[in-house]
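Heads up: the structure comes next, in structure tokens.
Just so you know, ligand 1 is whichever comes first in the structure, and atom 1 is the first atom listed for that ligand. Treat the numbers as computed from the prediction; the structure is a model and nothing was measured.
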Amino acid sequence: MIQAPKGTFDVLPDDAARRELIEAQIRRTLGAAGYRRIETPTFESTELFARGVGEATDIVQKEMYTFDDGGGRSLTLRPEGTAPVCRAYIEHGMHKLPQPVKLWYLSSFFRAEAPQRGRYRQFWQVGAEAIGSETPETDAELIVLLADLLDALGVRGLTLKLSSLGTPETRAEYREELKAYLRAHESGLSPEVVGRIDLNPMRAFDATERRTRETMTGAPKLLDCLMPEDAEHFAQVRSLLDAAGIRYELDSTLVRGLDYYTRTVFEFMSDALGGAQSTVGGGGRYDRLIEQLEGPPTPASGWAAGIERIMLASEQRNPAPELVDLFVALSVRDGVQGAFELTYQARRAGLQAQLELAGRSLKGQLKHADRLGARYVAIVGENGQASLRNMQSGEQLETELQNVIPTILRSSRL
Ligand code: AMP
């Protein structure tokens with residue numbers, strides 16, 4: 001049996017119906033704030049991600065599905081949405097539009113990660129980007145929008161973690177300071193952490209070993225090293241969130257897995273997810289990315305949230321079943337042409353109509369119509385005759401085929 005590739009999944013009809021509700025909510029929440037939808041191609045030049053996401057990141061080093069297009073060009077299935085949206089912003093000259101340009105997307109992404117619950121190789125993300133503004137209110141608005149969206153979707157047990165990364169220069173200086181601290185306190189650190197001092201000193205904050213954790217309480221924090229303008233920007237983001245009643249935890253060790261962030265960064269975690277994959281969504285400011293992609297210097301901010309994780313962390317709400325106004329049944333095979341025509345005419349008149357397609361007995365057809373919750377069943381006989389049964393009242397009307405649709409429409413208007 002041929003199966004779907006490891007780490008991928010089928011979206012079956014019940015699941016698709018739930019996703020449609022999520023999409024409708026996304027449209028309402030983001031549309032109301034003036035964000036408009038954008039969709040970029042499923043694959044892009046590999047160079048876009050190498051430059052945009054950062055050569056040294058896990059995504060670019062290990063997780064991209066990269067292939068040759070047969071003409072010597074290297075293409076990659078998109079692992080994330082921000083770099084493609086920025087590419088589109090530059091390519092379509094969107095800097096000439098009133099700024100910021102506010103965009104959202106709902107698309108599938110691809111990462112060659114080890115699959116587990118909440119982590120797949122093809123997954124869906126909703127993302128929002130506000131490109132062309134450096135104000136703290138842009139960051140705060142984006143955070144409030146994601147908080148409202150997750151709330152409207154019923155995501156449980158949320159915590160918001162917030163920090164500021166300052167500029168890449170501040171980060172480079174801070175890294176040296178942290179390395180110096182770790183070197184000076186090697187005796188209080190686990191050998192594993194010591195081994196990673198040069199490669200990834202920030203990981204020392206994630207250590208679980210007691211002695212290492214104690215040592216790390218005295219380590220310098222990035223938030224204390226910000227330049228005055230960056231610290232002021234962050235203070236304003238915080239005060240706007242405070243005023244909006246959004247609760248957050250400051251987390252000076254928050255480092256996102258992508259290189260392009262500057263200043264504000266945040267993550268929404270849900271304890272309903274449990275374990276390692278507890279991040280529902282996150283984002284931040286990326287003031288240098290557009291320039292890095294050869295666009296005009298343009299500040300920007302945005303976020304992305306995983307649809308499958310939203311679904312895992314929210315209460316299962318079963319979408320209302322689809323309505324069936326009319327089920328068209330056949331009492332004799334000769335009636336098929338009239339039944340076929342009645343069905344499509346009913347649809348053109350705006351009714352939800354289904355035709356018997358499986359050759360069931362009349363009894364079987366009525367049972368099926370009942371299971372579908374059909375309001376009416378038309379049993380089509382010979383010579384343009386039909387019995388129209390009201391499934392709620394049980395009343396049955398013997399009539400001509402051409403009267404079926406007007407009768408149902410009249411009853412719907414009552
Ligand atoms: P990132 O672009 O890594 O910040 O991811 C944003 C969000 O997308 C995460 O918080 C997750 O909800 C979701 N996500 C990222 N990677 C995966 C994956 N491999 N499978 C499912 N969801 C993912």
Side-chain angles (χ1 to χ4, degrees), residues 4-11 15 19 22-23 26 30 40 42 44 48-49 52-54 56-65 76-86 103-129 139 142-143 145-147 149-150 153-163 165 251 253-262 264-286 289 300-314:
K6 203 170 139 200
T8 68
F9 53 84
D10 298 303
V11 176
D15 197 15
R19 284 167 187 261
I22 294 176
E23 177 169 347
I26 291 169
L30 298 177
T40 59
T42 306
E44 296 267 1
L48 173 66
F49 301 113
V53 179
T57 58
D58 275 359
I59 291 184
V60 171
Q61 292 270 310
K62 301 190 277 206
E63 297 172 2
M64 298 208 301
Y65 287 101
T76 291
L77 295 182
R78 58 185 171 198
E80 62 95 55
T82 303
V85 168
C86 290
L103 303 166
W104 68 270
Y105 55 80
L106 175 60
S107 338
S108 54
F109 296 90
F110 307 84
R111 292 183 196 172
E113 296 194 86
Q116 61 183 83
R117 186 171 181 266
R119 191 159 81 191
Y120 312 99
R121 292 183 169 174
Q122 177 176 2
F123 55 97
W124 290 75
Q125 281 184 347
V126 51
E129 318 282 355
D139 300 10
L142 279 159
I143 293 171
L145 282 171
L146 182 51
L149 178 63
L150 295 175
L153 292 173
V155 179
R156 294 162 298 164
L158 282 173
T159 315
L160 167 60
K161 294 198 167 176
L162 183 70
S163 190
L165 299 179
D251 183 351
T253 66
L254 190 64
V255 275
R256 312 244 324 122
L258 306 109
D259 268 358
Y260 49 60
Y261 288 107
T262 50
T264 318
V265 284
F266 59 93
E267 266 179 12
F268 282 88
M269 332 282 287
S270 165
D271 58 24
L273 287 171
Q277 309 305 317
S278 61
T279 311
V280 181
R285 179 159 278 290
Y286 49 93
L289 179 57
S301 195
W303 51 253
I307 299 296
E308 292 75 29
R309 291 198 198 165
I310 288 175
M311 292 172 80
L312 285 171
S314 59

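Annotation: the span from Ile307 atom CD1 to Ile26 atom CD1 amounts to 4.0 Å, rounded to 0.5 Å. Between Glu267 atom CD and Asp251 atom CG the span is 8.5 Å, to the nearest 0.5 Å.
At a 3.5 angstrom cut-off on N or O pairs, Glu113 counts as close to ligand 1. For ligand 1, the polar-atom distance check finds no N/O of Glu308 at less than 3.5 Å from any of the ligand's N/O atoms. Residue Val280 places at least one N or O, backbone or side chain, under 3.5 Å from an N or O of ligand 1. Residue Gly306 has at least one nitrogen or oxygen atom sitting less than 3.5 Å from a nitrogen or oxygen atom of ligand 1, judged on distance alone.
In this view, Tyr286 and Tyr260 satisfy the ring-ring contact (aromatic ring centres under 6.0 Å, His included) rule, not counting sequence neighbours. Not counting sequence neighbours, Arg121 has no partner by the salt bridge (charged side-chain N to carboxylate O under 4.0 Å, His left out) test.
Close contacts of ligand 1 with Tyr120, meaning ligand atoms under 4.0 Å from a residue heavy atom, involve 18 (C), 19 (N), 20 (N), 21 (C). Taking every heavy atom of Gly281 and a limit of under 4.0 angstrom, the matching atoms of ligand 1 come to 10 (O).
In this structure, Glu308 pairs ionically with Arg19, as a charged nitrogen and a carboxylate oxygen lie closer than 4.0 Å.
Within the structure, ligand 1 lacks Glu80 among the residues with a heavy atom less than 4.0 angstrom away.
Counting heavy atoms only, Phe123 comes closest to atom 22 (N) of ligand 1 of the residues Trp124, Tyr261, Phe123, Trp303.
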Self-check item: From CA spacing to verdict: side-chain contact (heavy atoms from CB on, under 4.5 Å), Ser278, Arg309
Solution: CA-CA 8 Å; Ser278 61; Arg309 291 198 198 165; over 6 Å; no
